[in-house]
Amino acid sequence: MAPQHQIRADYDARTIVVYQAYAPAIADAALRAGRFVAPFSFQRMTWIKPSFTWLMHRSNWARKPGQERVLAVRMTREGWEEALSQAVLTTADPAAVAQAAVHVQWDPERSPRGAALNHYSIQVGVGRHLIRTFTDDWVVSLTDLTPHVRKAASLIGNGHAAKAQRLFPAERVYPLPGALEKRLSSGG
């Protein structure tokens, strides 16, 4: 049986893919520029998620207002692990959470139809003090997944979940260094 708290992601030797959902104005500007630019907010926390199905649940398959566009954000593994090394679990002492540069929370992973599963998916909140590092140094590329998301949602809605899953990114267990694994499971 797999551990309840385990990062599953699409990654290669150098990068990891995280997902975000945005309003069209933010996504369009970022895709045109090839990086995050205004109207993306550099003044607030941004949440990144390596689980495609969790973001589909959160954005209602890109139908939730303000989340109509889904981007695959390929970032360096070095940046990902740097963010995690600064993370504080949102269940930690409130004073520690308030001071943290990065927040981590674990939420139930989701099936393609949105049902909660018996293991958890990580959500990482990159705080405003690290936003520029995230956008300028860690992000390698942005890809618009919205057409795939809409096609998958249509397939699922028409009873073809197996066909829809073929459109999902391949995710596998992400190999965390031991110290990071301990930090993310215990807060410390």
Side-chain angles (χ1 to χ4, degrees), residues 2-12 15-41 44-77 79-80 83 90 103-126 131 134-135 138-174:
Q4 279 200 314
H5 296 88
Q6 188 176 63
I7 298 171
R8 293 165 193 86
D10 177 5
Y11 64 91
D12 59 28
T15 63
I16 181 171
V17 178
V18 294
Y19 304 98
Q20 295 185 291
Y22 289 107
I26 295 170
D28 289 340
L31 290 164
R32 269 193 309 275
R35 61 188 186 86
F36 288 106
V37 295
F40 176 88
S41 175
R44 54 175 251 183
M45 182 171 286
T46 191
W47 287 86
I48 56 178
K49 302 131 185 107
S51 169
F52 177 79
T53 53
W54 194 92
L55 183 64
M56 294 309 96
H57 168 73
R58 176 76 173 89
S59 70
N60 191 20
W61 291 89
R63 291 186 291 247
K64 188 179 274 189
Q67 297 184 27
E68 301 93 343
R69 299 288 295 284
V70 173
L71 300 183
V73 180
R74 186 168 290 277
M75 65 183 289
T76 65
R77 284 178 62 173
W80 170 252
T90 57
H103 294 177
V104 162
Q105 65 186 48
W106 292 93
D107 296 311
E109 181 61 277
R110 298 297 172 152
S111 75
R113 293 192 178 278
L117 300 177
N118 64 356
H119 59 276
Y120 292 82
S121 177
I122 195 170
Q123 323 310 317
V124 179
V126 179
I131 290 286
F134 168 69
T135 60
W138 297 345
V139 172
V140 173
S141 67
L142 305 171
T143 303
D144 187 0
L145 294 185
T146 310
H148 284 50
V149 167
R150 291 191 177 132
K151 184 174 181 179
S154 176
L155 286 167
I156 290 167
N158 290 317
H160 302 288
K163 284 184 182 178
Q165 284 187 288
R166 292 183 207 141
L167 297 173
F168 296 3
E171 295 174 359
R172 62 194 194 281
V173 175
Y174 184 88

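Positions are given from 1, in the same order as the sequence printed here. Quick note: numbers below take in every heavy atom, side chains included, and nothing from hydrogens, waters or symmetry partners.
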remark   = What one should report as the nearest heavy-atom pair of Val70 and Asp144 is O-OD1, 3.4 Å
task = Please round to the nearest 0.5 Å and tell me the distance separating atom CG of Leu167 and atom CZ of Arg150.
result = 14.0 Å
query = If you round to the nearest 0.5 Å, how far is OG1 of Thr143 from CG of Leu145?
reply = 6.5 Å
key: Worked check of side-chain contact (heavy atoms from CB on, under 4.5 Å) between Gln105 and Trp47   = CA-CA 10 Å; Gln105 65 186 48; Trp47 287 86; 3.7 Å; yes
task = Only counting residues at least two apart or in another chain, list the ones meeting side chain to side chain donor-acceptor pair (under 3.5 Å) with Gln165.
result = none
query = Val149 versus Met56: any side-chain heavy-atom pair under 4.5 Å?
reply = yes
Arg58 side chain reached by Lys64 side chain, heavy atoms, under 4.5 Å = yes
Residues His119, Arg8; criterion side-chain contact (heavy atoms from CB on, under 4.5 Å); working and verdict = CA-CA 11 Å; His119 59 276; Arg8 293 165 193 86; 3.1 Å; yes
inquiry  = Just so I know, are the side chains of Asp107 and Gln123 near enough to count as touching, which here means a heavy-atom distance under 4.5 Å?
reply    = yes
remark   = Taken to the nearest 0.5 Å, the spacing of Glu68 CD from Tyr22 OH works out to 13.5 Å
request  = Would you check if the side chain of Asn158 reaches a backbone N or O of His160 as a donor-acceptor pair within less than 3.5 Å?
outcome  = no
request  = Look at atom CZ of Arg44 and say whether more than 12 heavy atoms of other residues, nucleotides or ligands are closer to it than 6.0 Å.
outcome  = no
Backbone N/O of Ile122 and side chain of Lys49: donor-acceptor pair under 3.5 Å = no
inquiry  = So, taking the atom named CD in Glu171 and the one named CD in Glu109, what distance separates them when rounded to the nearest 0.5 Å?
reply    = 7.0 Å
task = Drop me the distance from Gln6's CD to Tyr174's OH, to the nearest 0.5 angstrom.
result = 13.5 Å
query = Below 4.5 Å, heavy atoms only, C-beta onward: do Trp106 and Thr90 meet side chain to side chain?
reply = no
ask   = What is the minimum heavy-atom distance between Val17 and Ala72, and which atoms define it?
value = CG1-CB, 3.8 Å
message = Taking side chain to side chain donor-acceptor pair (under 3.5 Å) as the definition, give me every residue that meets it alongside Asp28, ordered by chain and number, with sequence neighbours left out.
response = Arg69
Student check: side-chain heavy atoms of Met75 and Ile16 closer than 4.5 Å = yes
Just list the side-chain donor-acceptor pairs under 3.5 Å for residues 29-41, sequence neighbours left out, or say none.
residue: Ser41; atom: OG; partner: Gln43; partner atom: N; Å: 3.2

key: Gap separating the OG atom of Ser121 from the CD1 atom of Ile7, nearest 0.5 angstrom   = 9.0 Å
key: Lys163, NZ atom: more than 12 neighbouring heavy atoms under 6.0 Å   = no
ask   = How are the rings of Trp61 and Phe168 set relative to one another: parallel (under 30°), tilted (30 to 60°) or perpendicular (over 60°)?
value = tilted
task = Is it possible for you to check whether Arg172 lies under 6.0 Å from the centre of the six-membered ring of Tyr11, through NZ or CZ, and within 45° of that ring's axis?
result = yes
Ionic contact status for Arg74 with Asp12, cut-off 4.0 Å = yes
ask   = Looking only at side chains, do Gln20 and Thr46 share a donor and an acceptor under 3.5 Å apart?
value = yes
query = Does some side-chain heavy atom of Pro108 sit less than 4.5 Å from a side-chain heavy atom of Leu117?
reply = no
inquiry  = side-chain contact (heavy atoms from CB on, under 4.5 Å), that's the test. Do Phe52 and Asp10 meet it? Break it down for me.
reply    = CA-CA 9 Å; Phe52 177 79; Asp10 177 5; over 6 Å; no
key: Closest approach of Ala9 to Pro50 (non-hydrogen atoms, all atoms of both residues)   = CB-CB, 3.8 Å
remark   = Note: His57 and Gly114 closest approach over all heavy atoms is ND1-O, 3.8 Å
message = For a side-chain contact (heavy atoms from CB on, under 4.5 Å) check, start with the C-alpha distance between Val73 and Phe134, then their side-chain angles and the critical distance, and finish with the verdict.
response = CA-CA 11 Å; Val73 180; Phe134 168 69; 4.1 Å; yes
query = Does a side-chain heavy-atom distance below 4.5 Å link Val126 with Met45?
reply = no
Close side-chain approach of Tyr19 and Pro169, heavy atoms under 4.5 Å = yes
task = Please check if the side chain of Gln4 supplies one atom and the backbone of Asn118 the other of a donor-acceptor pair under 3.5 Å.
result = yes
